[in-house]
Amino acid sequence: MAAETIQTDPDDAQDDGRNPDTLPTSGDPSGVCPRCGKTAHFDLLGTLPLLRNPNGDPPLERVAALQCQGCRKGTAVIEVKPQGSALYSPERQGVHWWPITGAVIDISDVPLNLSSAFQEGVRCVSVEAPHAAVAMFRNALAQIVQDKGSEAAKKKSTLNDAVKQMVDDRTLHDGFKDWAEHVRKVGNAGAHQETWEAIPLVQAQELQELVSHLIESLYVQPAKLSRAIAAKKRPKP
């Protein structure tokens, strides 16, 4: 079957009722950019029907291509007609964004096993699977131990003891110890649902933010500092 031609739909982008705290859609083209993480306005580049309405336009499902006016990078949004909306209503709601919000981190200086565990956790959050998400974020913490921990930390029989050893070694400072402990405990709860209460989605989202900060502090910022251009003295006359 031939691919659909992208159809521009400029009338979909309305200025009324914009909420900059939400992810962007064609109907509300402002919000947090999944690429650069900044609040911005977006241009609607076009739409592609995914599931046509048997009674005519508008389609029941479509993908909208949006471009951030800040970083100029694109985001794809899957939009569907809300349940119960009028048949020919132009109203649509976003249900999936690519890239997944929070998944875009600078991974050039992050070990593959760690970045893979973190990004898989983010994907689980995006499909509202919080138990799987927190288990993957705990796995990301274990990958940090294996990469940044001393030999003594790596030899510990439990993740709890390994984190404590990293604090003793000053690999993690006291503040990060509390973060790591929280990630470990919630991750355990997600992996052992038979003995712990259900993990709400908001708790998985909080864990995603904590692990992201750990990665930023332990990998991304030190790498940027090491590449920073040092000051040079003027040559003596």
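Side-chain atoms of R35 come within 3.5 Å of backbone atoms of G74 as a donor-acceptor pair (strictly under, hydrogens ignored). Listed for the S115 side chain is a donor-acceptor partner under 3.5 Å among the backbone atoms of L112. Distance alone, capped at 3.5 Å, is enough to place a donor-acceptor pair between the H131 side chain and the I199 backbone.
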Please test V125 against L201 for side-chain contact (heavy atoms from CB on, under 4.5 Å), starting from the C-alpha separation and ending with a verdict. CA-CA 7 Å; V125 169; L201 183 61; 4.2 Å; yes
Pair L114-Y219, side-chain contact (heavy atoms from CB on, under 4.5 Å): steps then yes or no: CA-CA 11 Å; L114 171 56; Y219 293 92; 3.4 Å; yes
For side-chain contact (heavy atoms from CB on, under 4.5 Å), just list the numbers for Q203 and V134, CA-CA rounded to whole Å, side-chain angles, deciding distance to a tenth of an Å, and then say yes or no. CA-CA 8 Å; Q203 197 168 12; V134 298; 5.8 Å; no
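You'll find the side chain of N139 reaches within 4.5 Å of the side chain of Q143, heavy atoms only. Between W97 and P24, the closest side-chain pair of non-hydrogen atoms falls below 4.5 Å. Residues L66 and D43 have side chains not in contact (no heavy-atom distance under 4.5 Å, counting atoms from C-beta outward). Side chains of P111 and N113 form no contact here, defined as non-hydrogen atoms less than 4.5 Å apart.
Taking OG from S30 and CD from Q69, the interatomic distance works out to 10.0 Å, rounded to the nearest 0.5 Å. Atom CD of residue E61 and atom CZ of residue R52 lie 12.5 Å apart, to the nearest 0.5 angstrom. For the atom pair OG of S26 and CZ of R92, the computed distance is 6.0 Å after rounding to the nearest 0.5 Å. Note that CE of M166 is 13.5 Å distant from CG of D161, once rounded to the nearest 0.5 Å. Between the CZ atom of R138 and the NE2 atom of H182 there is a distance of 14.0 Å, given to the nearest 0.5 Å. Atoms CG and OG1, on L44 and T25 in that order, are 9.5 Å from each other to the nearest 0.5 Å.
Considering every non-hydrogen atom in both P59 and P49, the closest pair reads CB-CB, 4.1 Å. Between F118 and F137, the shortest heavy-atom contact is O-CE2, 3.6 Å. A pairwise comparison of heavy atoms in G121 and A133 identifies O-CB, 3.5 Å as the closest pair.
In this structure, the side-chain hydrogen bond (donor to acceptor under 3.5 Å, both in side chains) partners of Q67, at least two apart in sequence or on a different chain, are R72. Checked against salt bridge (charged side-chain N to carboxylate O under 4.0 Å, His left out), K154 has the following partners two or more places apart in sequence or in another chain: E151.
Counting only N and O atoms by type, the side chains of D169 and Q165 include a donor and acceptor under 3.5 Å apart.
Residue pairs meeting the ring pair (Phe, Tyr, Trp, His ring centres under 6.0 Å) criterion with at least one member in residues 147-172, sequence neighbours excluded, do not occur.
A single hydrophobic cluster is not seen to contain both V183 and M136; linkage of ILVMFWY side chains at heavy-atom distances under 4.5 Å, directly or through other members, places them apart.
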